[in-house]
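Here is the structure we will look at.
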Amino acid sequence: MKSIKQVLAAYAKQATIYFKRPLSLFDNWAALGRLNWMPDKWYLSLTFRSKMGYWMNWKNPKTFNEKLQWLKIYDRNPLYTKLVDKYEVRKYIADKIGKEYLIPLLGVWDTPEEIDFKKLPNQFVLKCTHDSGSVIICKDKANFNTEMAKKLLKDHLAINYYYSAREWPYKNVKPRIIAEKYIKDENHELNDYKFFCFNGKVEFMYISRDKSDHPTTDFFDTNFKHLNLHMKDPGSATLPTKPIGFEKMKFLANVLSEGFPHARIDFYNIKNQVLVGEITFYHNAGFFPITPKNKNIEIGEKITAI
């Protein structure tokens, strides 16, 4: 049991943090869901100032980060809700480029209790359809904790992902669970190929390699020339080689992003078979710094809908 002195010291420490950085209180309340009542524009303005270090310019946004926030408020294409839904987007992808580019689906359920794990293969991937990050990978069903998986899925189903960064397309997505085939390449890795598209045209991309706890991202232009660009994770010590399906992924990204001011189209390339990962409209929710800083404006100029 803590002494009164220890409790007071803890409060003093927290007060010092709030005094030095008042918006840390906003961040804490937002994380606890206490600010769900706040209008989107107010919330995004304060979140942007807290995370980016400068105030959002709504009247004349310049940077890529600013323009992503602007799109959250003013680009309300109802199709986006379908495209961020990990189940519904499959029909869009199949109609646009063909079902052969879809990761094989093993099942879809409304609740964890409906999942019959006995009918699933030895390896599979579970994920919720309405959020980001609720991925559960089973590599060996004999050692898979189904009860823990059910609990995690139930927790995620109860969360409306929209409130964390006000990415409005997620607000009305029906929370469900899907199971997909477990995929990996020859090296038992799974590289992500993420293409940044503007008005239906790929402008640049990055390769994400998640090795243990040290993810890396390396950016390239449309000719696969390495770019001095960083958004979140560091670059790798050894640059990845150009994937065999690079040109095909570029073409498919152009098709899938047609008609959108900005969209990021993600792919996997498994044994030279291109598969679509997801479509997203707000990379990192627009809340991660971009270096060098001039690239933030340069990329922002590619969003011309404003």
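We use all heavy atoms of the structure for the numbers below, so side chains are in, but hydrogens, waters and symmetry mates are not.
- Taking a 6.0 Å sphere around NZ of Lys139, one finds it holds 12 or fewer heavy atoms contributed by other residues, nucleotides or ligands.
- Looking at Lys174 and Asp110, a side-chain N of the basic residue comes within less than 4.0 Å of a carboxylate O on the acidic one, giving a salt bridge.
- Note on ring orientation: taking the six-membered ring where Trp is involved, the planes of Phe196 and Tyr206 are tilted (angle from 30° to 60°).
- Because its NZ or CZ atom is both nearer than 6.0 Å to the ring centre of Trp58 and within 45° of the ring axis, Lys41 counts as a cation-pi partner of that residue.
- Relative to the six-membered ring of Tyr162, Arg166 meets both conditions, a distance below 6.0 Å and an angle of at most 45° to the axis.
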Intermediate values then yes/no, side-chain hydrogen bond (donor to acceptor under 3.5 Å, both in side chains), Trp37 and Tyr43 | CA-CA 9 Å; Trp37 58 268; Tyr43 183 93; over 6 Å; no

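- Looking at Arg76 and Asp40, a side-chain N of the basic residue comes within less than 4.0 Å of a carboxylate O on the acidic one, giving a salt bridge.
- Remark: Asp155 engages Lys151 in a side-chain hydrogen bond (donor to acceptor under 3.5 Å, both in side chains) (not counting sequence neighbours).
- Cluster partners of Ile159, using a side-chain heavy-atom cutoff of under 4.5 Å among ILVMFWY residues and allowing indirect links: none.
- The aromatic ring centres of Phe48 and Tyr54 sit less than 6.0 Å apart.
- The side-chain contact (heavy atoms from CB on, under 4.5 Å) test applied to Phe117 returns Ile115, Leu120, Phe124, Leu126, Phe144, Thr146, Lys150, not counting sequence neighbours.
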Kindly determine whether Lys127 and Ile178 satisfy side chain to side chain contact (heavy atoms under 4.5 Å, CB included), including the steps that lead there.
-> CA-CA 6 Å; Lys127 59 182 72 171; Ile178 59 171; 3.5 Å; yes

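- No salt bridge links Asp116 with Lys118; every basic N to acidic carboxylate O contact stays at or beyond 4.0 Å.
- With hydrogens and angles ignored, the 3.5 Å screen pairs no side-chain donor or acceptor of Asp221 with any backbone N or O of Phe204.
- For His283 and Phe288, the ring centers sit 6.0 Å or farther from each other.
- Between Glu301 and Lys67 no salt bridge is recorded (no basic side-chain N to carboxylate O distance below 4.0 Å).
- Not a single donor-acceptor pair under 3.5 Å links the side chain of Glu203 to the backbone N or O of Phe195.
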Step by step, work out the salt bridge (Lys or Arg N to Asp or Glu O under 4.0 Å) result for Glu114 and Arg176.
-> CA-CA 11 Å; Glu114 296 174 27; Arg176 284 177 287 190; over 6 Å; no

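- Ring to ring, Tyr193 and Tyr268 are not that close: their centroids are 6.0 angstrom or more apart.
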Derivation of the side chain to side chain contact (heavy atoms under 4.5 Å, CB included) call for Asp85 and His130 | CA-CA 6 Å; Asp85 184 319; His130 70 300; over 6 Å; no

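- In the model, Tyr170 has no side-chain atom that pairs as donor or acceptor with a side-chain atom of Thr81 under 3.5 Å.
- Checking side-chain atoms of Glu298 against main-chain N and O of Asn294 turns up no donor-acceptor pair under 3.5 Å.
- The pair Glu278-Arg264 counts as a salt bridge, with a side-chain nitrogen and a carboxylate oxygen less than 4.0 angstrom apart.
- Side chain of Asn284 to main chain of Gly286: no donor-acceptor pair is present (N/O by atom type, distance under 3.5 Å, no hydrogens or angles).
- Residue-environment remark: NZ (Lys82) exceeds the threshold of 12 foreign heavy atoms within 6.0 Å.
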